[in-house]
Amino acid sequence: MEEQFGVRLEKLKKLSELGISAYPYRFDSTMRFAEIIAKFKDHSADELKQANEEISCAGRILAIRSMGKSAFMHLFDGEDKLQIYIRKEMVSEKDFALNHLLDIGDIIGVKGTVFKTHTQELSILVGELTFLSKSFHPLPEKWHGLQDKELRFRQRYLDLIVNPETKQIFRKRSQLIQRVRAFFHDRGYIEVETPMMHPIPGGAAARPFVTHHNALNIDLFLRVAPELYLKRLLVGGMEKVFEINRNFRNEGISLMHNPEFTMIEFYELYRDFNDYMNLTEELLLSLNRELLPAGVIQWQDKKIDMAPPFKRVKFMEVIAEKSGLSPERLWDEGQVKGHIQKHFPEEPLPPTFGKMLELLFDLYVEKNLIEPTFVTYYPKVISPLSKASRLDERETERFELYIAGMEIANGFSELNDPLEQRKRFEEQLRNRERGDDEAQLIDNHFLQALEYGMAPAAGEGIGIDRLVMLYTGAASIKEVILFPLLRPKE
RNA sequence: GGCCCCUUAGCUCAAUUGGCAGAGCAAUUGACUCUUAAUCAAUAGGUUGAUGGUUCGAUUCCAUCAGGGGUCACCA
């Protein structure tokens, strides 16, 4: 507000009248609050007095309790809170004057000795005060914190200052990504970065964002998946590769979708989809060990056991089971069409057979897959990049991992037959003509790479944001992305 | 994009079929040298998201718009 801004501006002016620099350049802390707390919390008041340990530290003022000639404040260093105590007789006249110009939200440094109050709270008795930065706006309320979701996401820094749980979520996100990365490095994978701007969008069924390169005067597409580039690396003989990076899909926003999101994709030559289901279980086990000692997550009102091995069900069989249509009828486009029209007349009829099967899966199966479950053997018609099944020509060696009703991972034995791949792309083009505007385009440069010969390989993508949701219990993807996309205001 | 809900002080929230817009925290002034949601006294702070309409009178009822949340669709 204008008035509070003015008041604080006045205080800043008074600082320079005292000869205090409003924006100094640096400050030396001897310890972070966490270290101070860890080192001294078990010492008695007497022991601390004896030790007379002098330290310096810095933080943002979250609360001030002033009693005229003395004051307590709580500082926050972004991680922990620590109380400081300022007494008139213990500081210089200038520092005591400075103390009266401080506002909640200001950042200060202090030098002093560690002690415990009568209520046994570890605190710093201040000997020297250093002004570090002014806050011109009042902070959100200390007791209720910042509740308004819109403000929390638009002004995430305020959320981080007042709501400690938020910091915990992003610390956990960082740990999770670090663990995933270590998992693949430990197994000899090379981490790579492939283009974010693609001349031809590909690798997933999704609508892309379009951008433009001025010097070349060409349109480019923000990538929907790195898949087709990573497979070029397999052709090049990179035996084990992975990439953790952003993908962009021009689609709606929901509890589980943000237009830009983080995926890891990983590939390994001479492996198939069975190997990768096993590897996925190993990866989650490794994450459990570090982030989930109990092995169980609390998801809304349910508990989910994250311990492998996970259940495995076949795509067509699980739809058959839930819909009452026999597996053989499910392979009949006419039967499937009739079933949808009869039981779901409100649903617009999908343009292709594959989309109809996906619709039935969404309606009957997806939301019920709470416990970790691999859905396997997806039909060829909806898996244009997967290798055909050894058991049934109509199916592919593909799996998706579902947890808490969310798709977490998608992997398969990679199709490496360039002639077959070209046929699949052409089939996609026909789907596009029938109205499926997410059907993939022919990428001739990718096909050319395959024509040089790609060894058999397995590949997989895992949605990092959703994984973080699971491991933090966050109900919305916005809670695990620092700056989720919102409509710009004003 | 469809449907439902929300928007009141910097923050968290009240306001009686439609009858003077309030509290706590934050802020200002003063008191106070172990407080911790500090306390005590006083003060200030509002175009009730925006624009129209109904009405003697609208935070309240209606319409449109904006932003957000939820849900469905799109989408992994």
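To find a chain, count down the sequence lines: A is the first, B the second, and so on, and within it residues start at 1.
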Atom CG in A:D362, atom NZ in A:K355: separation rounded to 0.5 Å? 9.5 Å
Closest to the side chain of A:L486, out of B:G68, B:U12, B:A27, is B:G68
Hey, which of these two, A:D148 or A:E358, hits RNA chain B nearer its 5' end, going by closest nucleotide? A:D148
Salt-bridge test for A:E150 and A:R154: reply yes if a basic N is under 4.0 Å from a carboxylate O, no otherwise. yes
Any sub-3.5 Å donor-acceptor pair from A:Q440's side-chain atoms to A:G203's backbone N or O? yes
Over all strands shown, is A:S123 touching base, sugar-phosphate only, or nothing at heavy-atom distances under 4.0 angstrom? nothing
Straight-line distance of A:I403 CD1 to A:L369 CG, nearest 0.5 Å: 10.5 Å
Does a side-chain N or O from A:K11 land closer than 4.0 Å to OP1 or OP2 of B:U28, or not? yes
Just checking A:G252: base, sugar-phosphate only, or nothing, at a heavy-atom cut-off of under 4.0 Å? base
Rounded distance (Å) that lies between atom P of B:A26 and atom CD of A:Q4: 11 Å
Please check the phosphate of B:G68 (OP1 and OP2 only) for any side-chain N or O of A:K478 closer than 4.0 Å. no
In whole angstrom, give the distance that lies between atom NE2 of A:H100 and atom P of B:A31. 10 Å
Across all strands, who's sitting opposite B:U64 as a Watson-Crick or G-U wobble pair, both distances under 3.5 Å? B:A50
Under 3.5 Å on both distances, the Watson-Crick or G-U partner of B:G57: none
Could you check which of B:C25, B:C74, B:G68 has an atom nearest any side-chain atom of A:R207? B:C74
Measuring only the P atom in each nucleotide, how far is B:C5 from B:C62? A whole number of Å is fine. 10 Å
Return the nucleotide paired to B:C40: Watson-Crick means purine N1 to pyrimidine N3 with N6-O4 or O6-N4, wobble means G-U with N1-O2 and O6-N3, both under 3.5 Å. B:G30
For a salt bridge (Lys or Arg N to Asp or Glu O under 4.0 Å) with A:E479, tell me which candidate from A:K172, A:R466, A:R152 qualifies. A:R152
Any strand is fair game: report the nucleotide pairing with B:G1 by Watson-Crick or G-U wobble, both distances under 3.5 Å, or none. B:C72
Name the pairing partner of B:C11, where a pair is Watson-Crick or G-U wobble with both distances under 3.5 Å, or state none. B:G24
Atom-pair distance (NZ on A:K69; C1' on B:G30), nearest Å: 13 Å
Mind checking the C1' distance from B:C6 to B:U43? Whole angstroms is fine. 34 Å
Side-chain heavy atoms of A:I55 within contact of A:E35, under 4.5 Å: no
In whole Å, what separates the P atom of B:U54 from that of B:C74? 44 Å
Give the rounded distance in Å between these two atoms: CD1 of A:I253 and C1' of B:G68. 12 Å
Between B:U47 and B:G52, how far is it from one C1' atom to the other, in whole Å? 15 Å
I need the CG-P distance between A:L146 and B:C13, as an integer number of Å. 10 Å
Mapping A:R154 and A:Y402 to their closest nucleotides on RNA chain B, which lands nearer the 5' end? A:R154
Any idea which of B:U35, B:U12, B:C11 is nearest the A:F72 side chain? B:U35
Taking the six-membered ring for Trp and the full ring for Phe, Tyr or His, determine whether the centres of A:F310 and A:Y402 are under 6.0 Å apart. no
OP1 or OP2 of B:U39 sitting under 4.0 Å from any side-chain N/O of A:R65? no
Using the side-chain heavy atoms of A:R8, tell me which of these nucleotides is nearest: B:G67, B:A27, B:G69. B:A27
B:C34 base stacked by A:H118? Criteria: ring centres under 5.5 Å, plane angle under 30°. yes
Nucleotide B:G10, atom C1' - distance to CH2 of A:W143 in whole Å: 20 Å
Do A:E141 and B:G10 share a donor-acceptor pair, side chain to base, under 3.5 Å? no
Between atom CG in A:L255 and atom C1' in B:A73, what is the gap in whole Å? 14 Å
Atom pair distance, as rounded to whole Å: NE2 in A:H74 and C1' in B:A26: 18 Å
Lys/Arg N to Asp/Glu carboxylate O, A:E53 vs A:K39, below 4.0 Å: yes
What's the closest nucleotide to the side chain of A:E89 if the choices are B:U35, B:C74, B:U33? B:U33
With rounding to the closest Å, how many angstrom separate the P atoms on B:G1 and B:U64? 16 Å
So A:G461, base contact, sugar-phosphate only, or nothing? Heavy-atom distance under 4.0 Å. nothing
If the P atom of B:G19 is compared with that of B:U59, how far apart are they to the nearest Å? 11 Å
Do the ring planes of A:Y276 and A:F266 sit parallel (below 30°), tilted (30 to 60°) or perpendicular (above 60°)? tilted
Rounded distance in Å between the P positions of B:U55 and B:A44: 38 Å
Determine the contact category for A:L139: base if any of its heavy atoms lies under 4.0 Å from a base atom, sugar-phosphate if only primed atoms, P, OP1 or OP2 are that close, otherwise nothing. nothing
Report yes or no: is there a donor-acceptor pair, N or O only, under 3.5 Å between the side chain of A:E121 and the base of B:U35? no
With a 4.0 Å limit, can you tell me whether A:K142 has a side-chain N or O closer than that to the phosphate oxygens OP1/OP2 of B:A26? yes
Reckon A:Q155 touches a base, only the sugar-phosphate, or nothing at all at heavy-atom distances under 4.0 Å? nothing
Roughly how many Å apart are B:A50 and B:A66, using the P atom of each and rounding to a whole number? 15 Å
For B:U33, does either OP1 or OP2 sit under 4.0 Å from a side-chain N or O belonging to A:R87? no
